[in-house]
Structure formats: C-alpha cells, structure tokens
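In what follows, a structure is listed as structure tokens, so that the remarks can point back to it.
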Amino acid sequence: MTLLSVSNLTLRAGARTLVDDVSFNVAAGETLAIAGESGSGKTLSALSVLNLLPPGITHAGGVVRLDDINVATATRAEIQNIRGGTAGIIFQEPLSSLNPLQRVGKQVAEAMTLHGKFSKTSLREKVNALLAEVGLPDAQRIANSYPHLLSGGQRQRIMIAMALANDPKLLIADEPTTALDVTLEKQILDLIQTAQKARGLGVLLITHNLSLVRRYAQRVLVLDAGKPIESNTTDQIFGSPRAPQTKRLLAARDMAPPPGVPDAPVILQVQNLTVKFPILQGVLRRKIGEVAAVDDVSFTLHAGETLGLVGESGSGKSTIGLALLRLIKFQGRVLFNAVPSTAIDLASLPKRQLRGIRAQLQIVFQDPYGSLAPRLTIEDIIAEGLTIHQPGLNPAQRREKVAATLHDVGLAADAMPRYPHEFSGGQRQRIAIARALILEPKILVLDEPTSALDVTVQAEILALLRALQTRHNIAYLFISHDLRVIRALTHRVMVLKSGRVVELAAASSVFNNPAAAYTKTLLAASGLQ
Amino acid sequence: MRLVIIGLEQAGVGMRLSPLWQRRLAVFAGHRRGRVSLYIFAVVFVVSMAANFIANDKPLLLDYQGRLYVPAVQFIPATSFGPQYLPTEADFTNPAIKAVINAHGWMVWPLIPYSYDTIVWDAGPVAPSPPSWRNWLGTDEVSRDVLARVIYGLRLSILFGFGLTIVASAVGIVAGAVQGFYGGLTDLLFQRFIEIWSGMPQLFLLIILASIIAPSFWVLLLFLLLFSWMSLTGVVRAEFLRARNLDYVRAAKALGVPDWQIMLRHMLPNAMIATLTFLPFILSNSVTVLASLDFLGFGMPPGSPSLGELVSEAKNNLAAPWLAFTAFATLGGILILLIFIGEAVRDAFDPRKTQ
C-alpha cells in the first residue's frame, strides 16, 4: 500500500528552481533513501511532505499525498495532525532541535499531548515506555535531564522518541547521523530499523552517505541539482548504476589505496606526546585536576608518506595535530629532521627559531569556511606566509609564486583578487592547501580536510592531495574519522581512543587484518568489514 | 540623501567594496528614520562647524576706502578706521566704527550678527529678553543671543564628543584586543583592574580636580578619557576571545605571523563591526556627559558656549521659557539624532538583515 506519494514536485525560490519535477513513493514498512550532494534538494523535498518549507520557497507544482490527504490543499487542522501525528521527523542536529530549557521527558510528553489527551500518570508511563523502546533504559533519569546533560547519541534517541510518540505511519530522517560518530551512527540507524520493523513504518531516509543507503534502504532516489537522476532498488543502483552522476557518486566512495612509498628517511619523531587540559572549579577557577586529551603517544613519520590518525570525536586526534605545530602546550619530544640526521626538538625550541621552522610544518583545517580570513583577497591569504618567510621577494615575484601555487592546486590565476565567499567549499579547501603549499613544507597536517565536503568534491581533493604528495614529496599527517578517506590516502594508520594509541600499523594490515577489538568495531560501523 | 547613498554605493563598486558592505549600505539607506537623522545631523554639523561665518559680531566681508577686509578670519586693528583708536582688534559693534565704514564703503554681515559672547546692549529692558526679530531665540541672563550660543555650543559639544569618542575607542580597542588575544593571566589581571577602575567615583574626582586646576576643553577631554575608554573594551575583548580559536587565526599562527599582525589583519576586522555599532551611542553619551558637567558647573570655563550652561540658565530663569525650550530642543534633538543614526547603523550591521 502506498503511504506517501509525491508526484512531479517542483519548488522554486524566486526564479530559481530548487526541486524540479521530483516523484517518489513510500510504502508502509519500506525505506526509501533520497541521496545526493548538498544543494541537490533532498531536504526540501522531504520538508514539503510536512508543508514545512522555509519562507521564500514556493510550491510551484506537483501533488504530495500522505495517507490519502493532499498536503497542499489540507486544512490547518489536517496539517497539524500530519505533523508529528501521521509523520514524524528527525533532524540532523539534535542539540538545536531540543529546547535547552526544558527537561527532555517534558518535551517528549508535549509531543504526545498535542495529539491526544492523557492523564498525568499514564503520560509518564507512556514516556518511559517510549524512552525504553529507543534504547534509553534508565528512562526515569533521562526524562528528568536537560538536553545538555545528554550525549549526542542520547539526544538523537530522544528525537526519535518524539518522532515515534504518536504512532506515526511515516518517519522522515533528515541526515539523522551526520553529527554523530560512526559507531553511534550504526546504533541510531539500527534503532530506526528496529522501530520500523516493530511498527511497520514507512521511512524516508535523507542522506549523502551512500554506505548508509546500501545498508538500510530498499529503494533509492538519486537527486542532483534538484533533478531526479535515477530511481531504483538499492541492489540495482549499487550493482549497475545507469546515470553518470550516480556512477560519479559511487566512484567517489571507493578510491583505491595509494601506491606505496620506498623506504624514506624519518622526518618526524614524536616521543611520549601528552596534552593535558586543566579541570577548573569554583569561583577562583582553581585547578582541581587534569584530563589528558592526548596520553603518551609516540610515532614516526617518514618523508613523503601519509600517516592516518583515526578516532571518534574526543579521541585527541586533532589535538595531536595542533601540538605538533606548537599551537597548544604539550609535554614530550617532537624531533623534526629538517636536514637528515639533525633532529630539532620543537618542544623546547625558542619562539624566534620556531618561526623559521614553521614554513616546513603546515596545517590545513577542516572547515573551509572558517579557515580563510573573510576580509582578505585570495592573493593576500596565500601570500601571507611568503611575506614572513621570504621577505626578499618583490611584489611581482610574490604574485608569480601565488599564481604558480594556485595552478598547482587546480585553480586559475584570476582567483587572486577575489574574496573567499565567492568560492565553493571545495575551491576554498584548495585555497587553504595553496596557502600551506606555497611555503614548500616538508610536513603537512591535514585536519579532516574533506569532512565538510560532498563526496565527489571529497574525491577531487583527495586526488589533488595524492598528486601533490608525489610531486613535492610532502609527508602528510592525515586526521579523519572517515575510514574510507583514510583508506584512500594513507600508508600507515594510527587508531586512537580517548587519547591513547589503540593500533599503529600499515594501512593494509589495519583494514584487512585489524588487531585491536576497537578497530574492528570502527570498521564494522563504517561498513568496511 | 538617497542619491548620496546610491552614489556611495557606486563609488563602493569602484573601490571593490565587498557585497556585504554594499548590502549594509543598502539596509542603512532603506532605514528611513536613520537616513533622515543622518541628513539632519550632517546639516547641524556643517552649520555648527561654520559657526564663525553664520553667527559672528564681525562682518564677513567689508570694503573700506577701496580695500577689502575679511574680519571674520582676519585680525584688523581698529587703527585702520581712524587714528584715534587703539591698535587692538576693531569692535564692529561700535556705532562710531560702523558709521565710518558705512561712509567709506560697505559691510556684509553674517546671518546672525552676534557671536557667543557678544552682549546685546539694546535687547530690551530685562536681561533674558524674549525672542524677537533681532534675537530669534531671545537672549540669556547676561543678554547674549541664545541662537548664537546654541550654534557655538553645538560645535563645542560635537567636537568634544567626537574627540572623546575617537580617543576613548582607540584606547578601548587596544586594551580589549590585548586582553582577548593573550587571555589567561593577562586577561584576568586586566579585568580586575577595570573593575576597580570603573568603581572610582568619577564626579567626586572631577570636583576635586576642578578645585585644583581650572578645567578647560583639553583637561576635561583627558580626564573623561581616563574613565570612558572602558566602554568598548568588553566587546572587543569578547570578539578577540572568540576569534582567537578561529581556524584562520590558527592558520596564521602556524604560518608564523607575528602577534600584532594577526590582531591587526585577522582579528580587528571582526571587532570593528561591534565597535562601529557602538560608536553613535558612545558619541551621544559623550555629549551628555559634557552637558551635565557644564550644568553642574564643573565643565568648561564660565562664558564658554555650552549646552549644559544653557540648561542651568533655563533652570535659574523659569520666567523665560524660551531658554528652557531651546535647551531642551537642542540637547534632546542632537541626542535623538545620534540615537536614530546609531539604530540604523546597528540594523545595517545586523547579520539577520544583511545575509
């Protein structure tokens, strides 16, 4: 039986068509995934089911029928009955979806009382039963907690409980796990699947992550720039994709491991690196203890090779990157072989000498929007390091170098007088790479450089990084939570958990023959094993 | 005004004004109350800056025996008009001199033929004389033209306000920047210092000061600066604390960019938005402070044209309501204008309206 049918949906914002002639159906008990890159219109298509379109976006054509009600012509009361009644929705960011000033139990109860009358005791019982169903066994304590006291996974479970509160027939999950770690991602989606089976729900899963699609959806609709590209069963999409956009998406997902490097000299030796943050308490902010974000980590990095740092959020992987560049305080030794066999300890180097070394140790950050100063031109941004490390250059030589570096990262020289906001995420990340590259560094710390990007753009940046590595023989310290990206780029992998090294081995052995149980869990959650 | 702003926008395109700034200008231009206020304030500003040419007891231009003089900007000894006078500056209100000049040439008088300190001898039988065709807003208790005093008083208030605002903001921004950038102990000590410093009884200190040295424009500016620099420090500090951990600031640190350059190039532009939003309000506050000190008698030396003194005269002469009305309209008007401009600026910088 068709629960939701959307036919020829077209949405416009002014003259721009955001969703163009999209049709799909969801039957009870079935999961349809809408996949696509950011800006492909997948979220808008889902929001139109609940008539929740943001202001400025007009419904230009098409019919949305949910449970035999035409959403476009439904009365206010009918729409309210649909929202949270017939259809529940789970958003991406659970923290901003929950009211920070109310206990979560009250918020779940509110979702119920909006659609029916319950006595106080039966309401409490129902809330507790619901919380138990979404895998929060200590229901009474959780119900009395405020959102900030809960972890990301717990909050998302609360969101699911609210969506399930009124026995909906359809569950819309809009990127429900993007803000969560891989192991949590699996738990949350397994939970949705269990609820689906128990209640016979139709599920509309919106995601950019194709491995989730493969594991949890029966049918897939691929959108690209608002247009429906391909719609088929999951097996067929993954087995024999027809549209080129789908092939591109799939190809971006599976990149081959990088070619090995011959024995190269050691360029960086990290010994017993420890980063501790103080725990402060009381009015005087007295230090009452310490928490080790990075705990006694040692590793080496060879010239021209890539070492991958994997771990969940809070595992200390980014902190290691910042410590190597001495952007935060740390204990331990970081021996940098600027010239072979003359190790410099970065930990004890005076500031003035450190400034000279900085050109050889560079970093690229995760967020391409936050890592470029918004009020400087691209030329100013890229040339900033040159003015410090090669002050002898005249403006013409500097411009020439900037243009050459832009070419190196695949951008045209006409980008120079423009500002960061005129570029897309992928282009910005190229600019951030150019800023580091222009100083000809020996080591480049890449802190989740592709996490904020779409899969196909991700693949382009990874290909660029590989090409740059072979061209300039740079050693990469590649930090990521995404094991697929790690597999596509790294020669050796270090798995971290709570600041400690769990496993450090060649990439092939980590992926094919993991030694630690935690590595196995991570691999399983990412669908790589 | 709309034309001026559109012109600015076009000039902005020529200067490669970023689209964000163009949007901000557009929001400001669309804010009718703020735009009109800016327009009126601009007129008031120009008029008060040109006070010497609008209200003066010296002619703008005079022709005497075929020679041209510009008494408004020129020192002209009285001996020019006859050997019987002393070589001091000529008093053009003197009927004898007037008669001599008119006999041998001509004079062009400003719109208001009185300066702020000119005593109007023939205004009327009692000292605060009501408005008339000659003294549009009447005269005050020492028989000086009120309109002339208002124009000069506005000039003084605006200049003092701008002076105090600019210097106090500069000091405040530097102080906030240092606190926010270095954080930690520097921040902690600086914060405690500001808390203690802002607890000082400003008015008592000023009264003590006034009994030691006669307060003048510069002394008052310096003294008020000691206490008013703190208004921006908190905002700038917060912006710098936030910007300290932004990726592009970290990237600049990793590039080895010196601290002062990071503050100037990467962090200050962020703080400028908050600062610019505050400026009109600080300006209006400075005007108020000067007026209230003058009212209490601890401000500018007696005789200077000041809005505060006008208020105090109005209080002493309740039978002369034109004084109270003028004082209220002038002071209230200038503050309202500044507040409205400030609101428009704040809206223009509001990211919810420009993004």
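Within every chain, numbering begins at 1; the chains are lettered A, B, ... in the order of the sequence lines, protein sequences first and strands thereafter.
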Which atoms of A:Ala373 come close to chain B, meaning under 4.5 Å heavy atom to heavy atom: side chain ones, backbone ones, both, or neither?
both

Answer with side chain, backbone, both or neither: which region of A:Leu376 has an atom nearer than 4.5 Å to a non-hydrogen atom of chain B?
side chain

Tell me if the CZ atom of A:Arg399 is crowded by more than 12 foreign heavy atoms within 6.0 Å.
no

Bottom line for A:Arg435: the part with an atom under 4.5 Å from chain B's heavy atoms is both

Using a 4.5 Å heavy-atom cutoff, which residues in residues 199-208 of chain B come close to chain A?
none

Look at A:Arg355, A:Lys351, A:His389, A:Arg326 and state which one has the largest set of heavy-atom pairs under 4.5 Å with chain B.
A:Arg355

Taking every non-hydrogen pair under 4.5 Å, which of A:Pro374, A:Ala432, A:Ala436, A:Pro441 racks up the most with chain B?
A:Pro374

Residues in residues 237-261 of chain B near chain A [non-hydrogen atoms, under 4.5 Å]:
B:Asp247, B:Tyr248, B:Arg250, B:Ala251, B:Ala252, B:Lys253, B:Ala254, B:Leu255, B:Gly256, B:Val257, B:Pro258

Per-residue contacts, residues 182-194 of chain B versus chain A, heavy atoms under 4.5 Å
none

Over 12 non-hydrogen atoms of neighbours within 6.0 angstrom of CZ in B:Phe160
yes

Portion of A:Asp447 that has a non-hydrogen atom of chain B nearer than 4.5 angstrom:
neither

Which answer fits A:Leu372, side chain, backbone, both or neither, if we ask what part of it has an atom under 4.5 Å from a heavy atom of chain B?
backbone

Using the test salt bridge (charged side-chain N to carboxylate O under 4.0 Å, His left out), find all partners of A:Glu440 that sit at least two apart in sequence or belong to another chain.
A:Lys401

Taking every non-hydrogen pair under 4.5 Å, which of A:Gly356, A:Gly370, A:Gly385 racks up the most with chain B?
A:Gly370

Heavy-atom contact with chain B under 4.5 Å, split by part of A:Leu322:
side chain

